[in-house]
Amino acid sequence: MTATQRRGRKIMMSPGELDDFLTDQRTCRVATVSADGAPHVSTLWFAWDGTSLWLYSVVRSKRWVDLRRDPRVAIVVDTGEEYEELRGAELSGRVEFVGEIPRTGELRAELDVPETLFARKNFGLDDMPHDGRHAWLRLTPEKIVSWDFRKLPKPPDS
């Protein structure tokens, strides 16, 4: 069950808005906890299936090592340049490792949807290319906080 957002309700996205936003966006920032407790943030492409955020990560990365040791993660997806355009979501929880490591393309029914979504969104392909260096992480968020500053009242014209 996903935790309910308590603050910023006036600018939070509705479930439909959040689903559309996460479906349309391509890039996220992934925050992990290093062995010494220091935060580590990296950028990845992702796919959203309506319930989970799927990350295709290099298995020889600091991010991967951090998550193998401690699967807690916070992920931010955001967009906008001007203040009144800012929109985003922070998703947090624990990742799960799905499929073989590294991914070689073995048939895995649970990867059919995320691989199709990811390949179409990021490569313009119907089939996911596998390079023997990446594997799948799934975050089914325990908490989501969203914002859409376009919902803020417009200041009166002076």
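Counting begins at 1 with the first residue of the sequence.
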Report task. Would you please test Phe46 and Gln25 for side chain to side chain contact (heavy atoms under 4.5 Å, CB included) and show each step? Result -> CA-CA 8 Å; Phe46 70 91; Gln25 296 301 309; 3.9 Å; yes
Query raised in the report: Taking the six-membered ring of Phe97, is the NZ or CZ of Arg68 close enough (under 6.0 Å from the centre) and on axis enough (within 45°)?
Result: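 Yes, Arg68 sits over the ring of Phe97.
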Find the distance between [atom1] ([X]) and [atom2] ([Y]) and round it off to the nearest 0.5 Å.
| X | Y | atom1 | atom2 | result |
| --- | --- | --- | --- | --- |
| His130 | Thr104 | NE2 | OG1 | 7.5 Å |
| Arg108 | Arg103 | CZ | CZ | 7.5 Å |
| Arg150 | Glu85 | CZ | CD | 9.0 Å |
| Ile75 | Leu53 | CD1 | CG | 5.0 Å |
| Leu22 | Thr51 | CG | OG1 | 11.5 Å |
| Met13 | Asp19 | CE | CG | 11.5 Å |

Query raised in the report: Do side-chain atoms of Arg69 reach the backbone of Ser34 as a donor and acceptor pair under 3.5 angstrom?
Result: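 Looks like yes, one N/O pair under 3.5 Å.
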Query raised in the report: Would a distance-only check, ignoring hydrogens and angles, find a side-chain to backbone donor-acceptor pair under 3.5 Å from Glu100 to Glu106?
Result: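 Yes.
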Assigning hydrophobic clusters by single linkage (Ile, Leu, Val, Met, Phe, Trp, Tyr; side-chain heavy-atom cutoff under 4.5 Å), is [X] placed with [Y]?
| X | Y | value |
| --- | --- | --- |
| Leu111 | Tyr56 | yes |
| Leu55 | Val65 | no |
| Val95 | Val58 | no |
| Trp54 | Val77 | no |

If you take all heavy atoms of [X] and [Y], which pair is closest and at what distance?
| X | Y | answer |
| --- | --- | --- |
| Pro141 | Leu91 | CG-CD2, 3.5 Å |
| Ala47 | Pro114 | CB-O, 4.2 Å |
| Trp48 | Thr23 | CD1-OG1, 3.6 Å |
| Pro102 | Ala135 | CA-CB, 4.3 Å |
| Met12 | Lys151 | O-NZ, 2.7 Å |

Does [X] come within less than 4.0 Å of [Y], counting only side-chain N to carboxylate O?
| X | Y | result |
| --- | --- | --- |
| Glu90 | Lys143 | no |
| Asp78 | Arg87 | no |
| Arg120 | Glu115 | no |

**Report entry** Donor + acceptor pair across side chains of Arg63, Ser57 (<3.5 Å)
**Finding:**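 Yes - a donor-acceptor pair under 3.5 Å links their side chains.
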Query raised in the report: With distance as the sole criterion, is a donor-acceptor pair present between the side chains of Lys62 and Ser42 under 3.5 Å?
Result: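 Side-chain D/A pair, Lys62 to Ser42: absent.
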Below 4.5 Å, heavy atoms only, C-beta onward: do [X] and [Y] meet side chain to side chain?
| X | Y | result |
| --- | --- | --- |
| Asp66 | Ser61 | no |
| Arg60 | Arg133 | no |
| Val41 | Val30 | no |
| Val73 | Leu139 | yes |
| Ile101 | Trp64 | yes |
| Leu117 | Lys121 | no |
| Leu67 | Leu137 | yes |
| Asp49 | Ser52 | yes |

Query - CG (Asp20) with more than 12 external heavy atoms under 6.0 Å - result: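 Above 12, so yes.
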Query - Phe123/Trp45 under side chain to side chain contact (heavy atoms under 4.5 Å, CB included): CA gap, chis, key distance, verdict - result: CA-CA 11 Å; Phe123 304 124; Trp45 285 346; 3.7 Å; yes
**Report entry** Check against side chain to side chain contact (heavy atoms under 4.5 Å, CB included), His134 and Met128
**Finding:** CA-CA 12 Å; His134 290 77; Met128 184 73 187; over 6 Å; no
Requested in this report: Determine, step by step, whether Arg138 and Glu110 satisfy the salt bridge (Lys or Arg N to Asp or Glu O under 4.0 Å) criterion, reporting the C-alpha distance in whole Å, the side-chain angles of both residues, the deciding distance to 0.1 Å, and the verdict.
Outcome: CA-CA 11 Å; Arg138 174 178 53 210; Glu110 67 185 321; 3.6 Å; yes
Requested in this report: Report the C-alpha distance between Asp126 and Thr116 in whole Å, list the side-chain angles of each, state the deciding distance to 0.1 Å, and finish with yes or no for side chain to side chain contact (heavy atoms under 4.5 Å, CB included).
Outcome: CA-CA 6 Å; Asp126 286 329; Thr116 299; 5.8 Å; no
Report task. Please lay out, stage by stage, how Trp136 and Phe118 fare under the test ring pair (Phe, Tyr, Trp, His ring centres under 6.0 Å). Result -> CA-CA 11 Å; Trp136 285 105; Phe118 194 91; 5.3 Å; yes
